[in-house]
Amino acid sequence: MNKKLLTAFAVSLCLSLHAQSNSVGISTSTPTETLDINGTERIRELPVDGSSNVIYTKPDGTKSINKDQSFKALKTLVADANGVIGSVNWMPVQPSVVISGADGLDAVTTTSTISAVNGELTTTPVLATKTFTLSKKSMVTFSYNISASDIVKANGDNLFDGTSKRVGAKLILNSKDIINSGIPFTNSGQKYVFGVFYLNGNRSIILSEGTYTVNLVGNVFAYTGDTIGIKATFGATSTDQFDIIAVLVQ
């Protein structure tokens, strides 16, 4: 009886599993690759990218005694028209993650008025700030658009002295300047400065895992010898922008 059962099992196995020239076929008698499956494959457990203690294989390809190795995905599986599996050395496009802004709302809810004379560079208090943490290496794009208005002499009078001035803004990442924009201008006669100036900047930086703080500030500058100086107000409009968007990189 046992021999009959064993024979029946062997026949059944041969009907679905075939070995040929160092190739194994499942549900096919003519495998064309090392493993050829004629049917739908199911894998019940797949490690998640970046997870720890989920596989036995070490980075050098050898086996660990325990299931204590981390899984880091570096390739993407692809298939040709015949279903032959291969790989490409890149990962699928990752969705963008909005860290701050990109909502159309006013990013600077308080205004700051500062002045400078005779070679001074005066900076506002922080107009907008964001602290964020990256769990993986990412390309982070920073952009801002900040208004400067009510530009007058340092004492508040209309500005038409004909001397060059400058209003500017900058973005500071972990105490390091990463964007610095400015508008130098001159004025003469009775054509004093009026209206709103917009200072903007955009930059993408690849950052490693970690925590970062970015600050947006404005500034005004009066050249040495300019005793009349300049005064300006930052952040007075409803269109001030401060956006941070991250995309995972390989």
Side-chain angles (χ1 to χ4, degrees), residues 16-20 22-28 31-105 107 128-144 171-179 201-216 241-250:
S16 59
L17 179 64
H18 303 269
Q20 177 180 313
N22 297 322
S23 297
V24 175
I26 298 178
S27 295
T28 178
T32 61
E33 301 293 342
T34 304
L35 176 62
D36 189 340
I37 302 173
N38 181 21
T40 302
E41 180 183 359
R42 179 182 182 186
I43 301 176
R44 294 177 179 267
E45 181 181 339
L46 290 172
V48 177
D49 180 33
S51 54
S52 302
N53 303 321
V54 292
I55 61 176
Y56 289 93
T57 307
K58 298 179 181 179
D60 62 4
T62 60
K63 183 179 179 180
S64 173
I65 298 176
N66 301 308
K67 194 175 184 180
D68 56 4
Q69 300 298 302
S70 298
F71 178 76
K72 182 174 179 59
L74 297 175
K75 296 183 178 182
T76 299
L77 288 182
V78 293
D80 68 8
N82 293 312
V84 177
I85 302 298
S87 67
V88 289
N89 292 321
W90 45 263
M91 300 294 288
V93 175
Q94 300 295 323
S96 299
V97 176
V98 177
I99 296 175
S100 178
D103 52 11
L105 301 178
T129 185
K130 182 66 177 181
T131 297
F132 59 94
T133 299
L134 298 175
S135 59
K136 294 184 179 181
K137 185 178 181 181
S138 303
M139 182 174 69
V140 184
T141 299
F142 302 89
S143 63
Y144 66 83
L171 213 56
I172 307 167
L173 178 66
N174 283 7
S175 302
K176 180 181 179 180
D177 295 356
I178 58 171
I179 309 177
N202 183 287
R203 184 179 182 184
S204 297
I205 304 175
I206 295 179
L207 300 175
S208 299
E209 300 93 330
T211 299
Y212 300 87
T213 297
V214 60
N215 294 322
L216 173 63
Q241 166 204 345
F242 179 42
D243 301 335
I244 308 173
I245 298 175
V247 178
L248 188 68
V249 298
Q250 310 304 321

I'd like to check [X] versus [Y] (side-chain heavy atoms, cut-off strictly below 4.5 Å). Are they in contact?
X: L207; Y: L173; value: yes
X: V140; Y: I205; value: no
X: I178; Y: I172; value: no

So how far is it from [X] [atom1] to [Y] [atom2], rounded to the nearest 0.5 Å?
X: I99; Y: D243; atom1: CD1; atom2: CG; value: 11.0 Å
X: F142; Y: I179; atom1: CZ; atom2: CD1; value: 8.0 Å
X: K137; Y: L248; atom1: NZ; atom2: CG; value: 10.5 Å
X: N202; Y: S143; atom1: CG; atom2: OG; value: 5.5 Å
X: N66; Y: Y56; atom1: CG; atom2: OH; value: 7.5 Å
X: L105; Y: Q241; atom1: CG; atom2: CD; value: 12.0 Å

Heavy-atom closest pair, residues [X] and [Y]:
X: L134; Y: S208; answer: CD1-O, 3.8 Å
X: S204; Y: T141; answer: OG-OG1, 2.7 Å
X: I55; Y: S70; answer: CD1-O, 3.4 Å
X: A102; Y: V98; answer: CB-CG1, 3.9 Å
X: K63; Y: K58; answer: O-CE, 3.9 Å
X: A246; Y: S138; answer: CB-CB, 4.3 Å

Task: Under 3.5 Å donor-acceptor, S51 side chain and V48 backbone - done: yes
Open item on the list: Check whether D60 reaches the backbone of T62 with its side chain - one donor and one acceptor, N or O, closer than 3.5 Å.
Closed with: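 Between the backbone of T62 and the side chain of D60 there is a qualifying donor-acceptor contact (under 3.5 Å).
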Open item on the list: Suppose we screen for side-chain contact (heavy atoms from CB on, under 4.5 Å). Which residues come up paired with S96, at least two apart in sequence or across chains?
Closed with: I245, V247
With [X], which residues qualify under salt bridge (charged side-chain N to carboxylate O under 4.0 Å, His left out), at least two apart?
X: K75; answer: none
X: E41; answer: none
X: K136; answer: D49
X: D177; answer: K170

TODO: Using ring pair (Phe, Tyr, Trp, His ring centres under 6.0 Å) as the criterion, list what pairs up with F71, not counting sequence neighbours.
DONE: none
- [ ] Report the C-alpha distance between T129 and V214 in whole Å, list the side-chain angles of each, state the deciding distance to 0.1 Å, and finish with yes or no for side-chain contact (heavy atoms from CB on, under 4.5 Å).
- [x] CA-CA 6 Å; T129 185; V214 60; over 6 Å; no
Task: Over 12 non-hydrogen atoms of neighbours within 6.0 angstrom of NZ in K72 - done: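 12 or below, so no.
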Task: Centroid separation F132 to Y212 less than 6.0 Å - done: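 Close enough - the centres of the two rings lie under 6.0 Å apart.
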